[in-house]
Amino acid sequence: MKHYKAPAKVNIFLKITGRRGEYHEILSRFMVVEQLHDLLYFFPKEEEGFVIDGDFACTTEQNTIYKAYRALLEATGSTELERLMQTHGIAVNKHIPAFAGLGGGSSDAATYLKMCNEVLHLGLDVGELAAIGAKVGADVPFFVYGYPSANVSGIGEIVEPFDEVPLQLETRTPPIEISTPAVYRRFRESFYKELSAEAHDYYAQTDSKTLLSELSADDANDLFEPALSLYPELKEHFRHGWFFSGSGSSFFRPLPPA
Ligand SMILES: C[C@](O)(CO)[C@H](O)COP(=O)(O)OP(=O)(O)OC[C@H]1O[C@@H](n2ccc(N)nc2=O)[C@H](O)[C@@H]1O
Ligand SMILES: Nc1ncnc2c1ncn2[C@@H]1O[C@H](COP(=O)(O)OP(=O)(O)OP(=O)(O)O)[C@@H](O)[C@H]1O
């Protein structure tokens, strides 16, 4: 069976621009980390029920792939989809660390949606798939569109390609499991600020290589300080010249040109 890559991402920068109920509106540059990816494929099975075969720290019902299945079924009512998942399981070779700020679960969910759309000829366009993915998680639309680099805004549902050669990136993931909701909550309680209109264009229009040469890790990611205040042990893992991805725990830096 065909294997599908679910790449990781980093947030070159992540700035808060407002609030939307319990969520926060953001302006963030997402960049794919091609060399770090999960591998997904369908496999025939006899056993009943929705089967996900992979190394996960959660139940099937909590898995973003299962949530993507439910959202796709609700959106299409496809009996072919139901039949596919009765006769086949989904295998995931996990390589993206979880709780790492690298979008592991979101990328798996997006890849699963694209696999079903292709295998079942559902005929959904990328915008329709991204809207279904947005129901699973804020990072899913970026992975559905598949741009190597993009400016992501709204709460993650607005994805605009950014025209640049993606950087070769090195990632490092300290063994600290970070709760994304907790970091956003701490930001809101103790570190709240909004990106100014004049700074908005600098971030949105400057290429990633230049931004990383001009910004500190704190300036680049509004969630870094709240994450440090919640998980002080992170500080031991920070090195000058590295940047913080998403809500963590991963750091990344651009590799020098070969
Ligand atoms: C930190 C990032 O990963 C950066 O890419 C995303 O903003 C979060 O994406 P995610 O992990 O897919 O987030 P979700 O699973 O959708 O939401 C987890 C929790 O994070 C908080 N959350 C998430 C996204 C957002 N724009 N504002 C938020 O406040 C909410 O408390 C939400 O309940
Ligand atoms: N397919 C999946 N892959 C990894 N984690 C998953 C998956 N489905 C559900 N989870 C659960 O989601 C949580 C971590 O999700 P994920 O790996 O996307 O977080 P993350 O690395 O912090 O990504 P993000 O960049 O979105 O913050 C854990 O509780 C994990 O058990």
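Atoms within each ligand, like the ligands themselves, are counted from 1 in listed order.
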Checklist entry - Considering only heavy atoms, does Lys94 approach ligand 2 within less than 4.0 Å through its side chain, its backbone, both, or neither? => result side chain

Next on the checklist: For the residue pair Thr111 / Asp108, report whether a side-chain donor-acceptor contact shorter than 3.5 Å exists.
Outcome noted: no

Next on the checklist: Which of the numbered atoms in ligand 2 are under 4.0 angstrom from any heavy atom belonging to Gln62?
Outcome noted: 9 (C)

Item to check | Numbered atoms of ligand 2 (with element) below 4.0 Å of Lys9, judged on heavy atoms | outcome: 25 (O)

Checklist outcome for this item: Among Phe56, Tyr112, Tyr66, closest by heavy atom to atom 2 (C) of ligand 2 is Phe56

Checklist entry - Where's the contact between Leu102 and ligand 2, heavy-atom distance under 4.0 Å: side chain, backbone, both or neither? => result backbone

Checklist outcome for this item: Any heavy atom of Val183 under 4.0 Å from ligand 1? The part involved is neither

Checklist entry - Of the choices Ala8, Gly105, Ser106, which has the non-hydrogen atom that lies closest to atom 16 (P) of ligand 2? => result Gly105

Checklist entry - Between Glu160 and Tyr147, is any side-chain donor less than 3.5 angstrom from a side-chain acceptor? => result no

Checklist entry - Quick one: do the Thr60 and Asn63 side chains pair a donor with an acceptor below 3.5 Å? => result no

Next on the checklist: As an exercise, identify every atom of ligand 1 less than 4.0 angstrom from a heavy atom of Leu14.
Outcome noted: 4 (C)

Checklist entry - Under 3.5 Å, is there a donor-acceptor pair between the side chain of Asn11 and the main chain of Phe13? => result no

Checklist entry - Does one side chain, of Tyr203 or Gln205, offer a donor that lies under 3.5 Å from an acceptor on the other? => result no

Next on the checklist: Considering Gly154, Gly248, Pro181 one by one, which has a heavy atom nearer to atom 18 (C) of ligand 1 than any of the others?
Outcome noted: Pro181

Checklist entry - Given the rule in the salt bridge (Lys or Arg N to Asp or Glu O under 4.0 Å) test, do Asp55 and Lys94 qualify, once you have shown the distances and angles that lead to the verdict? => result CA-CA 6 Å; Asp55 179 19; Lys94 281 300 293 183; over 6 Å; no

Item to check | Backbone or side-chain N or O of Asp139 under 3.5 Å from ligand 1 N or O | outcome: yes

Checklist outcome for this item: Going by the 4.0 angstrom heavy-atom rule, the piece of Thr64 near ligand 2 is both

Next on the checklist: Could you tell me, atom by atom, which parts of ligand 1 come under 4.0 Å of a heavy atom of Ser247?
Outcome noted: 1 (C)

Next on the checklist: With a 4.0 Å cut-off on heavy atoms, is Gly246 in contact with ligand 2?
Outcome noted: no

Checklist outcome for this item: A student checking ligand 2 against Ala98 at a 4.0 Å heavy-atom cut-off should list atoms 17 (O), 21 (O)

Item to check | Ser245 contact mode with ligand 2 (heavy-atom cut-off under 4.0 Å) | outcome: neither

Checklist entry - Any protein heavy atom sitting closer than 4.0 Å to atom 5 (O) of ligand 1? => result yes

Next on the checklist: Below 4.0 Å from ligand 1: does a non-hydrogen atom of Phe30 turn up there or not?
Outcome noted: yes

Checklist entry - Going through the distances and angles, do Arg186 and Glu225 end up as a salt bridge (Lys or Arg N to Asp or Glu O under 4.0 Å)? => result CA-CA 9 Å; Arg186 174 57 62 91; Glu225 277 191 288; over 6 Å; no

Checklist entry - Counting heavy atoms only, which of Asn221, Ile178, Thr180 comes nearest to atom 11 (O) of ligand 1? => result Thr180

Item to check | Candidate pair Glu164 and Arg29, rule salt bridge (Lys or Arg N to Asp or Glu O under 4.0 Å), full reasoning | outcome: CA-CA 11 Å; Glu164 64 180 338; Arg29 176 79 47 80; 3.6 Å; yes

Item to check | ligand 2 atoms in contact with Asp108 (distance to a heavy atom under 4.0 Å) | outcome: 1 (N), 2 (C), 3 (N)

Item to check | Test item: Ser249 side-chain N/O and Ile176 main-chain N/O as donor-acceptor pair under 3.5 Å | outcome: yes

Item to check | The one among Arg20, His24, Lys9, Lys67 that brings a heavy atom closest to atom 29 (O) of ligand 1 | outcome: His24

Item to check | Atoms of ligand 2 close to Asp139 [distance to a heavy atom under 4.0 angstrom, numbered from 1] | outcome: 24 (P), 25 (O), 26 (O)

Item to check | Candidate with minimal heavy-atom separation from atom 23 (O) of ligand 2, of Ser179, Cys58, Gly103 | outcome: Gly103

Checklist outcome for this item: Note: Tyr23, heavy atoms under 4.0 Å from ligand 1, region reported as both

Checklist entry - Considering only heavy atoms of Ser106, which atoms of ligand 1 have at least one such atom less than 4.0 Å away? => result 12 (O)

Item to check | Flag, side chain of Glu236 to backbone of Leu234, donor-acceptor distance under 3.5 Å | outcome: no

Item to check | Ring geometry between Tyr66 and Tyr69 (parallel below 30°, tilted from 30 to 60°, perpendicular above 60°) | outcome: tilted

Next on the checklist: Quick one: does any side-chain atom of Asp38 pair with a main-chain N or O of Ile96 as donor and acceptor, under 3.5 Å?
Outcome noted: yes

Checklist outcome for this item: closest protein heavy atom to atom 15 (O) of ligand 1 is Gly137 CA, 4.5 Å

Next on the checklist: Is it the case that the side chain of Ser250 and the backbone of Ser245 share a donor-acceptor pair, with hydrogens and angles ignored and the cut-off at 3.5 Å?
Outcome noted: no

Next on the checklist: With respect to Ile65, determine whether any N or O atom, backbone or side chain, lies less than 3.5 Å from an N or O atom of ligand 2.
Outcome noted: no

Next on the checklist: For Phe238 and Phe251, take the angle between the two ring planes, folded into 0 to 90°, and tell me which bin it lands in: parallel under 30, tilted 30 to 60, perpendicular over 60.
Outcome noted: tilted

Checklist outcome for this item: Honestly, for Val152 the part within reach of ligand 1 (heavy atoms, under 4.0 Å) is neither

Item to check | Enumerated ligand 2 atoms positioned under 4.0 Å from heavy atoms of Ser247 | outcome: 27 (O)

Checklist outcome for this item: Honestly, for Glu22 the part within reach of ligand 1 (heavy atoms, under 4.0 Å) is backbone

Checklist outcome for this item: Among non-hydrogen protein atoms, atom 21 (C) of ligand 1 lies closest to Tyr184 CD1, 3.4 Å

Item to check | Gly101 N/O under 3.5 Å from ligand 2 N/O | outcome: yes

Next on the checklist: Would the distance check show the side chain of Ser28 and the main-chain N or O of Phe30 forming a donor-acceptor pair, the cut-off being under 3.5 Å?
Outcome noted: no

Next on the checklist: Within ligand 1, which atoms have a heavy atom of Ile155 less than 4.0 Å away?
Outcome noted: 26 (N)

Checklist outcome for this item: Within the 4.0 Å heavy-atom cut-off, what Ala138 brings close to ligand 1 is both

Checklist entry - Can you name the salt bridge (Lys or Arg N to Asp or Glu O under 4.0 Å) partners of Glu25, sequence neighbours left out? => result Arg20

Checklist entry - Are a donor atom and an acceptor atom from the side chains of Glu82 and Thr79 found within less than 3.5 Å of each other? => result no

